[in-house]
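Reckoned from all heavy atoms, side chains included, excluding hydrogens, waters and symmetry mates.
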Amino acid sequence: MEYPVCMDDRRVGTLYAFAAGSDTDLRAVCRGTEKGLYRLYLRGGGGEVSLGVTEDGCLHRVFSPALLAPAGDIRCAVLRRCGGDASRPGLLARLPPEAHTVWRGGRAEVTLPWREGQPFPLEELFCFARPGRGNVTYLFDGAGQPVMPEF
């Protein structure tokens, strides 16, 4: 099956859905999106389900029926710029209330609660995360830009 991928009330791509045993293989292909981080959602009669984060609007993932069930019957996919766009200063001002921020040497160390099996906090910045016991930590420079952690 094919479904439109829409962004800001215009079609920017196609979502292809294939049966993969009892699972569903989803492939999104988008064209003409600007450079940046995007979150792709599956929209159905029951609501929206996050499919993941992408840099170019393209995504390939396999989902179990339980993960897609909250959306209901598939109508389309929706592509949105991530609220925490890493290319814009000021990300620190948009952190969730449970974030604990400590400044050290001109850098902000932001710790958020997280347990394995729960949704990952600031999913669009997962590659900048340093998971810990019961939390995940991100580093930002003084302008609010994420900094790659040293392991």
* Would you call P131 and E116 a side-chain contact if the rule is heavy atoms closer than 4.5 Å? -> no

* To do: Side-chain contact test, heavy atoms from C-beta onward, threshold under 4.5 Å: evaluate it for R80 versus M7 and give yes or no.
  => no

* Decide yes or no for L68 and I74: does some side-chain heavy atom of the first lie under 4.5 Å from some side-chain heavy atom of the second? => no

* Asked: What is the minimum heavy-atom distance between M148 and C127, and which atoms define it?
  -> SD-O, 3.3 Å

* Criterion side chain to side chain contact (heavy atoms under 4.5 Å, CB included) on S50 and E123, from CA distance to verdict -> CA-CA 10 Å; S50 176; E123 182 182 1; 4.0 Å; yes

* Heavy-atom side-chain contact between F120 and V136 under 4.5 Å -> yes

* Asked: Side chains of V5 and V78: does their closest heavy-atom pair fall under 4.5 Å?
  -> no

* Asked: What pairs with T14 under side chain to side chain donor-acceptor pair (under 3.5 Å), at least two apart in sequence or on another chain?
  -> R11

* Structure fact -> Between A17 and L26, the two heavy atoms sitting closest are CB-CD2, 3.6 Å

* Asked: Could you go step by step and tell me if L112 and N135 meet the side chain to side chain contact (heavy atoms under 4.5 Å, CB included) rule?
  -> CA-CA 5 Å; L112 291 157; N135 64 47; over 6 Å; no

* **Neighbour count >12 (heavy atoms, 6.0 Å) for atom CZ, F126** => no

* To do: Determine, for Y3 and R75, whether the Lys NZ or Arg CZ falls below 6.0 Å from the six-membered ring centre while staying within 45 degrees of the axis.
  => no

Side-chain donor-acceptor pairs under 3.5 Å in residues 137-144, sequence neighbours left out?
| residue | atom | partner | partner atom | Å |
| --- | --- | --- | --- | --- |
| T137 | OG1 | T111 | OG1 | 3.4 |
| Y138 | OH | P121 | O | 2.4 |
| Y138 | OH | L122 | O | 3.4 |
| D141 | OD1 | A143 | N | 3.0 |
| D141 | OD1 | G144 | N | 3.1 |
| D141 | OD1 | Q145 | N | 2.9 |

Which pairs would a plain distance check flag for residues 54-65, meaning a side-chain donor or acceptor within less than 3.5 Å of a matching protein atom at least two apart in sequence or in another chain?
| residue | atom | partner | partner atom | Å |
| --- | --- | --- | --- | --- |
| T54 | OG1 | D56 | N | 3.3 |
| T54 | OG1 | D56 | OD1 | 3.0 |
| T54 | OG1 | G57 | N | 3.2 |
| T54 | OG1 | C58 | N | 3.3 |
| T54 | OG1 | C58 | O | 2.8 |
| D56 | OD1 | C58 | N | 2.9 |
| H60 | NE2 | D25 | OD1 | 3.0 |
| H60 | NE2 | D25 | OD2 | 3.3 |
| H60 | NE2 | R27 | NH2 | 3.3 |
| R61 | NH1 | L51 | O | 2.7 |
| S64 | OG | L67 | N | 3.4 |

* Asked: Which pair of non-hydrogen atoms, one from T101 and one from A108, has the smallest distance, and what is that distance?
  -> CG2-CB, 4.0 Å

* Asked: Side-chain contact, heavy-atom cut-off 4.5 Å: R115 with R133?
  -> no

* Asked: How many angstroms lie between atom SG of C6 and atom CG of L79, to the nearest 0.5 angstrom?
  -> 10.0 Å

* If you measure from CD on E109 to CZ on R130, what distance do you get to the nearest 0.5 Å? -> 5.5 Å

* side chain to side chain contact (heavy atoms under 4.5 Å, CB included) assessment of V147 paired with R107 -> CA-CA 9 Å; V147 175; R107 288 186 176 178; 3.7 Å; yes

* Cluster overlap L15 with Y41, hydrophobic side-chain contacts below 4.5 Å -> no

* Asked: According to a 4.5 Å side-chain heavy-atom criterion applied to Ile, Leu, Val, Met, Phe, Trp and Tyr, with indirect links allowed, do F128 and V110 form part of one hydrophobic cluster?
  -> yes

* Is there side-chain contact between V53 and Y38, with at least one heavy-atom pair below 4.5 Å? -> no

